[in-house]
Number of protein chains: 2
Amino acid sequence: MPIKEAVRPGGRSARVQEAVHQAVRELQAVKSRDELTVPQVAELAGVTPSTIYRRWGNLAELVADVSVERMRPDEDPVDTGTLAGDLQAWGEQYLEEMASVPGQRALNDVMASADNGRRERCCRYSESLMTTLRERALARGEEAVPSLERLVDGVVAPMTYRLLYDRESATAANLRRWIVRALAVEDVD
Amino acid sequence: MPIKEAVRPGGRSARVQEAVHQAVRELQAVKSRDELTVPQVAELAGVTPSTIYRRWGNLAELVADVSVERMRPDEDPVDTGTLAGDLQAWGEQYLEEMASVPGQRALNDVMASADNGRRERCCRYSESLMTTLRERALARGEEAVPSLERLVDGVVAPMTYRLLYDRESATAANLRRWIVRALAVEDVD
DNA sequence: AATACAAACGCAAAATATTTGCTTTATGAG
DNA sequence: CTCATAAAGCAAATATTTTGCGTTTGTATT
């Protein structure tokens, strides 16, 4: 039951994929996670269940697939003029998004995927975003721009951690602290 | 389908719970995650499937329940004489445990649980451990002992993040960096 | 210690979901 | 245009999950 990354790009395959994804999104808007079933999705998408089982394996992988899409950043991060500002702006939007009910569900669905690659991919989004912000800061000539690794460990990791385990603490105020620290830390090696 | 936290402590209930947990552990040693089924577990545990469904809801919650147990720290953290040393000792053991194949699975199973409380509980283990190490350090009279929050954000969060998303980086060497930084950071507020 | 009460279990039938073998369709390459 | 093949449809066969109901067994009360 291998998970296909690159389906046939055009034609029926793509149409089916789109129809199924769309059906999932529509049903998710109305039903809770454990009311959702494969046969339901299949019917709404105008597809037989076996098609879904063959392509995605099971419901968990299907909803994870849909959720990863949902988490892909759609727009470029705003440019506030400083790295700290950019981080704060992006982070606040991200926190808001992930604290919402559908955001929470998306997060959960992705985490529930047995496919490690999927989780990693979703996470690369943040990393590539950090890279973008870093390069922007360097281009501006900012000093003491932290390494990518440090940004991830100092900002993304605590944010993710709190979102997953301790939602109460996933706040804009804490975000500010993480950013200040990440930018302030002396090099230690 | 509410998940019962406190089952009847003694007697049959407890016996069933233990038998089922045991059955899961035995089967997990032999079968991959998606070969495991509720009826199988039920049979090995000498219980009817409906008992399991009623008590745990589904397989995902059951294996998550078992895995949370597995992640409960069994022994007191070693005392190396310094906070940094204690953190390193604990962290290395934890990393080793979670990088192993069964450790990885346990981590995945917990993350796949729809029950937030379960994930949080598993996470409290680390927090309470950090509290222990902090108090120990304070009792020794160490200076500049970081707040619990800072230890979690600075050490536990990056560790967890890397374990979940970027296993390659979940190393003892990086752990050392996280610890050094967490202990070195000036207060910023 | 006897009784009452409710929680948890067992059993088995019914309802659903999943898998599978085979056929048909549609796409992309030659 | 034709061919080879990946993906989809269909339907029968399995497997699972759910559910109603009767029974067992802890727990609390007297």
Side-chain angles (χ1 to χ4, degrees), chain A residues 1-24 26-28 30-66 69 109 112-115, chain B residues 1-24 26-28 30-66 69 109 112-115:
Chain A
M1 186 182 326
I3 284 115
K4 297 297 166 61
E5 285 312 322
V7 295
R8 286 189 177 189
R12 184 168 61 167
S13 239
R15 277 197 305 279
V16 166
Q17 157 142 347
E18 180 46 32
V20 170
H21 275 214
Q22 180 60 27
V24 169
E26 285 180 25
L27 286 174
Q28 273 186 329
V30 182
K31 311 179 90 88
S32 86
R33 166 56 208 270
D34 45 330
E35 289 168 341
L36 204 64
T37 68
V38 170
Q40 274 177 351
V41 174
E43 179 173 346
L44 182 54
V47 157
T48 64
S50 64
T51 293
I52 294 182
Y53 286 118
R54 287 231 223 308
R55 228 166 116 174
W56 281 277
N58 56 48
L59 186 59
E61 296 304 320
L62 172 56
V63 296
D65 195 42
V66 173
E69 287 302 291
D109 290 345
S113 169
D115 179 14
Chain B
M1 189 184 317
I3 283 112
K4 297 299 166 59
E5 285 312 322
V7 295
R8 287 187 175 189
R12 182 167 65 168
S13 238
R15 277 197 306 278
V16 166
Q17 157 142 347
E18 180 46 32
V20 170
H21 275 212
Q22 180 59 28
V24 169
E26 285 180 25
L27 286 174
Q28 273 186 330
V30 182
K31 309 180 91 88
S32 87
R33 167 57 208 271
D34 45 330
E35 288 167 341
L36 204 64
T37 69
V38 170
Q40 275 177 351
V41 174
E43 179 173 346
L44 183 53
V47 158
T48 64
S50 63
T51 293
I52 293 181
Y53 287 116
R54 283 211 239 260
R55 225 163 120 172
W56 282 276
N58 56 46
L59 186 59
E61 296 304 319
L62 171 56
V63 296
D65 195 43
V66 173
E69 286 302 289
D109 290 345
S113 169
D115 179 15

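Below, read A as the first sequence line, B as the second, and so on, with proteins coming before strands; counting in each chain starts at 1.
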Where do N or O atoms of nucleotides 13-16 of chain D meet protein N or O atoms at under 3.5 Å, pair by pair?
residue : atom : partner : partner atom : Å
dT16(D) : OP1  : T37(B)  : OG1          : 3.4
dT16(D) : O3'  : Y53(B)  : OH           : 2.6

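Residue R15(B) places at least one side-chain N or O under 4.0 Å from the OP1 or OP2 atom of dG26(D).
Taking CG of D65(B) as the reference point, atom NE2 of H21(B) lies at 4.0 Å (rounded to 0.5 Å). Rounded to the nearest 0.5 Å, atoms CD1 (I52(B)) and CG (L62(B)) are 6.0 Å apart.
Between A42(B) and T48(B), the shortest heavy-atom contact is CB-C, 4.0 Å.
The shortest side-chain heavy-atom distance between E35(A) and Q40(A) does not fall under the 4.5 Å cut-off. The side-chain heavy atoms of V20(B) and W56(B), taken from C-beta on, include a pair separated by under 4.5 Å.
Annotation: proximity of residues 42-52 of chain A to DNA chain C (heavy atom, distance under 4.0 Å) is found for S50(A), numbered in ascending order.
Atom pair L59(B):CG and dT17(D):P shows a separation of 7 Å (rounding to whole Å applied). In this structure, E35(B) places its CD atom 13 Å from P of dT19(C), rounding to the nearest Å. The CZ atom of R55(A) sits 19 Å away from the P atom of dT20(C) (whole-angstrom rounding). When rounded to the nearest whole Å, the span between CH2 of W56(B) and P of dA8(C) equals 11 Å.
If you check distances only, the side chain of R54(B) does reach the base of dG20(D) with a donor-acceptor pair under 3.5 Å. For R12(A) against dA26(C), no side-chain N or O and base N or O form a donor-acceptor pair under 3.5 Å.
For E61(A) (side chain) and A114(A) (main-chain N/O), a donor-acceptor pair under 3.5 Å exists by modelled atom type. Of the possible polar contacts, none joining the R33(B) side chain to the D109(B) backbone as a donor-acceptor pair under 3.5 Å is found.
Around atom CD of E43(B), no more than 12 heavy atoms belonging to other residues, nucleotides or ligands sit under 6.0 Å away.
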